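What you are looking at is a predicted structure, and each value in this text was computed from that prediction instead of being measured. All values below were derived from every heavy atom in this structure, side-chain atoms included, with hydrogens, water molecules and symmetry-related copies excluded. Naming: A, B, ... by sequence-line order, numbering from 1 per chain.
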Amino acid sequence: MVPSLGKDLLGLEHLTPEQIRLILDTAEPFKEVSERPIKKVPTLRGKTIVNLFFEASTRTRISFEFAEKRLSADTVNVAAQGSSVQKGESLVDTAQNLEAMRIDMVVVRHPSSGAAKFLGDRIRSNVINGGDGMHEHPTQALLDMLSIRDRVGHIDGLKVCICGDVAHSRVARSNIWGLTKLGAEVAVCGPQSLIPGAIEELGVTVFRRIEEAIEWADVLNVLRLQLERMKAGYIPSIREYYRVFGVTLERVERAPRDLVILHPGPMNRGVEIDSRVADGPHSVILHQVTNGVAVRMAVLYLLAGGQPELAEAAKGSDRGGAV
Amino acid sequence: MRPTLLKGGRLIDPSQDHDDVADLLIVDGKVEGSGKDITPPDGAEVIDASGKVVAPGLVDIHVHLREPGREEAETVATGAQAAAAGGFTSVCAMPNTDPVTDNQAAVGFIVKQAAAARAARVYPIGAISVGQKGEQLAEFGEMVHAGAVAVSDDGHPVESSHLMRTALEYALSFGIPVTEHCEDPVLAKTGVMHAGVVATRLGLRGIPSAAEDIMVARNVLLGELTGGHIHLCHISTQRSVELIRWGKERGVNVTAEATPHHFALTHEACDDYDTNAKMNPPLRAQSDVEAVREGLKDGTLDAVATDHAPHHYEAKDRDFDDAPFGVIGLETALGLGLTELVDRGYLSLPELIHRMSTRPANIFHLPAGTLRRGAPADVVVFDPEVRWTVDPTSFLSKSRNTPFAGWELAGRVERTLVGGEVVFSV
């Protein structure tokens with residue numbers, strides 16, 4: 001029996017390894033759609049999807065929008081301002097209004113952790129978490145895993161270290177859940193002021209020195225360092241951060257094995273990562289962006305009730321323009 | 001007023017070390033006496049209390065009744081009725097109202113509203129500082145004269161150690177405790193729940209236990225410096241309990257309270273972003289819950305207090321970051337005490353009554369917590385054997401923000417008397 005994803009995709013914490021593999025496997029046939037001259041299949045024709053973004057985002061929103069359009073869904077982008085006092089209220093009001101217009105799915109990004117679940121509990125449409133506060137960003141972790149799998153061939157048994165501002169990162173949390181469920185060993189590395197409390201209880205190793213992390217890892221997922229963290233007093237300076245924790249070419253070259261380097265973007269070149277690493281042979285960073293569209297197509301397809309075994313046929317049926 | 005005879009109940013009065021089946025006679029709103037087989041005076045109402053516990057009415061030294069300012073969530077009257085339904089006959093109302101209860105007129109308003117409510121007695125707590133701004137001392141003397149029984153800036157920890165020192169010294173002239181919500185606001189920052197693995201999992205900002213511990217330590221030391229009576233509210237951490245124990249061993253005039261939610265729940269209750277489990281201090285780890293229970297057992301923590309904090313349902317129907325802190329507690333406190341402390345073997349039933357009535361009355365110098373002859377006839381009658389399911393829609397409180405909905409609890413309040421008058425009965 002093929003597992004389904006349920007109504008919403010809120011995070012990876014509550015998914016089974018089978019469900020995660022299902023999404024990754026379903027993404028495989030969708031990769032090819034984006035390589036065609038005519039990048040469109042009729043799979044979600046007639047479905048209406050709202051991209052509801054309460055927080056600025058360029059690449060996630062564009063990636064979802066491409067995924068939706070390549071599946072022939074009708075999409076509307078809503079850039080909502082989360083008022084500081086009544087965010088929850090305006091979130092539910094916005095959602096109810098959208099639903100009253102008979103939409104099918106909502107992709108939501110919101111600065112508050114739990115906002116996607118809040119929405120999913122209150123509306124009938126499928127909800128996809130496009131990033132909620134510091135909680136989860138499941139499609140990012142899925143595309144990260146797909147990119148690792150593409151490069152290495154498997155995830156099981158790999159050592160993956162997430163580097164940088166883990167405390168404030170939803171990408172880190174989704175990666176921890178997804179990777180550990182698929183059998184990888186996960187570590188985090190950064191100054192302790194940017195490592196969340198009790199993270200070891202999630203089955204994660206903590207490295208305080210980047211050299212130790214590189215010595216240990218097969219894969220580094222390098223997080224963006226928000227410049228606000230310095231103003232908030234978590235680190236003394238960006239300059240020192242790069243010197244002490246930066247993923248530099250010198251450090252990467254000293255690795256005992258061939259590292260794979262990921263970054264969820266947008267990068268701060270010369271802050272958390274050296275350009276020579278980001279653009280070098282270890283990097284799969286642009287491949288991640290390409291995979292993002294395929295993974296999101298897979299998620300949309302599965303939540304809309306698509307059968308994974310028919311994904312190949314679904315995308316193929318539009319070759320002649322027929323449904 | 002007709003005399004009342006409560007007949008054949010298990011009469012528990014910690015103030016007299018009494019725990020035996022006996023009758024309780026009430027005449028003119030006061031306790032006339034207790035003993036076996038009292039003959040009812042002419043015209044007396046005789047109430048069969050056999051199988052029930054008859055005890056001094058419960059005393060809650062920490063509630064928020066929201067009036068004036070937030071009457072959609074609670075009023076003095078509805079709060080006093082909810083208190084009576086929970087077996088409480090005296091409650092102390094915190095001053096973080098709008099406007100702040102920081103002067104004699106504001107204190108007098110609470111007293112007037114309480115008298116009109118004809119339910120549980122409501123004693124105002126005045127603010128420590130004008131507007132609870134932490135700058136200038138409020139007029140303790142005039143507030144006490146108007147009916148205040150303590151001072152507190154609850155909700156806003158007193159950041160200035162100098163102000164807290166002065167408050168403790170100045171309060172000595174009026175014999176009132178200075179009560180404090182212990183939290184280092186800079187360390188607690190914008191946290192919304194306990195800093196631990198659950199916060200990490202949910203991606204919510206944490207409030208470390210040390211934010212409480214640091215202020216508890218400071219306040220114990222200021223108590224020692226001044227000789228004033230420092231009362232520490234809603235203790236939630238293991239270290240706080242240890243620090244208070246240390247202070248008491250040194251002879252510091254420090255008292256402390258714990259809430260039912262802090263002895264019944266851990267931070268796991270915040271899972272799934274349940275905003276009814278969002279409170280300050282936050283729900284902590286299992287080791288903290290254990291320390292709080294032990295603290296109540298050995299007397300390090302003097303009293304159970306609810307920190308009853310009503311919020312309108314719309315305020316809680318938000319994402320976790322934006323929802324306000326606080327839970328209501330008046331109508332579940334006795335049940336939680338019986339279920340989580342007595343049934344689990346931490347306290348005997350008389351010890352629970354001591355922590356919920358006699359001891360809090362003593363530390364706040366209230367005429368309550370006793371069934372001695374001549375005392376006001378503030379009495380609770382409850383059936384310790386009945387088990388009931390918490391249904392927030394049946395609460396007399398205006399608010400419903402409880403994390404205990406659906407819990408099965410022991411001990412149902414059957415009747416609450418204030419000054420001999422029935423203010424609640426099932």
Contacting region of A:R173 [heavy-atom separation from chain B under 4.5 Å]: side chain
Between [X] and [Y], is any pair of side-chain heavy atoms under 4.5 Å apart?
| X | Y | answer |
| --- | --- | --- |
| B:Y273 | A:D121 | no |
| B:D319 | A:H110 | yes |
| B:R201 | A:E13 | yes |

For A:A198 versus B:G196, what's the shortest heavy-atom pair and its separation? CB-C, 4.1 Å
For the student: nearest non-hydrogen atoms of A:S113 and B:L204, plus distance: CB-CD2, 3.7 Å
Heavy atoms from other residues, nucleotides or ligands near NZ of A:K7 exceed 12 (cutoff 6.0 Å): yes
Which value, rounded to the nearest 0.5 Å, describes the distance between B:D322 atom CG and A:F118 atom CZ? 9.0 Å
Below 4.5 Å, heavy-atom pairs only: which of A:R122, A:E200, A:E136 has the largest tally toward chain B? A:R122
Taking every non-hydrogen pair under 4.5 Å, which of A:A167, A:A115, A:G114, A:S169 racks up the most with chain B? A:G114
Would the distance check show the side chain of B:T200 and the main-chain N or O of A:I199 forming a donor-acceptor pair, the cut-off being under 3.5 Å? no
Most contact-rich option vs chain A, by heavy-atom pairs under 4.5 angstrom, among B:V192, B:L202, B:V198, is B:L202
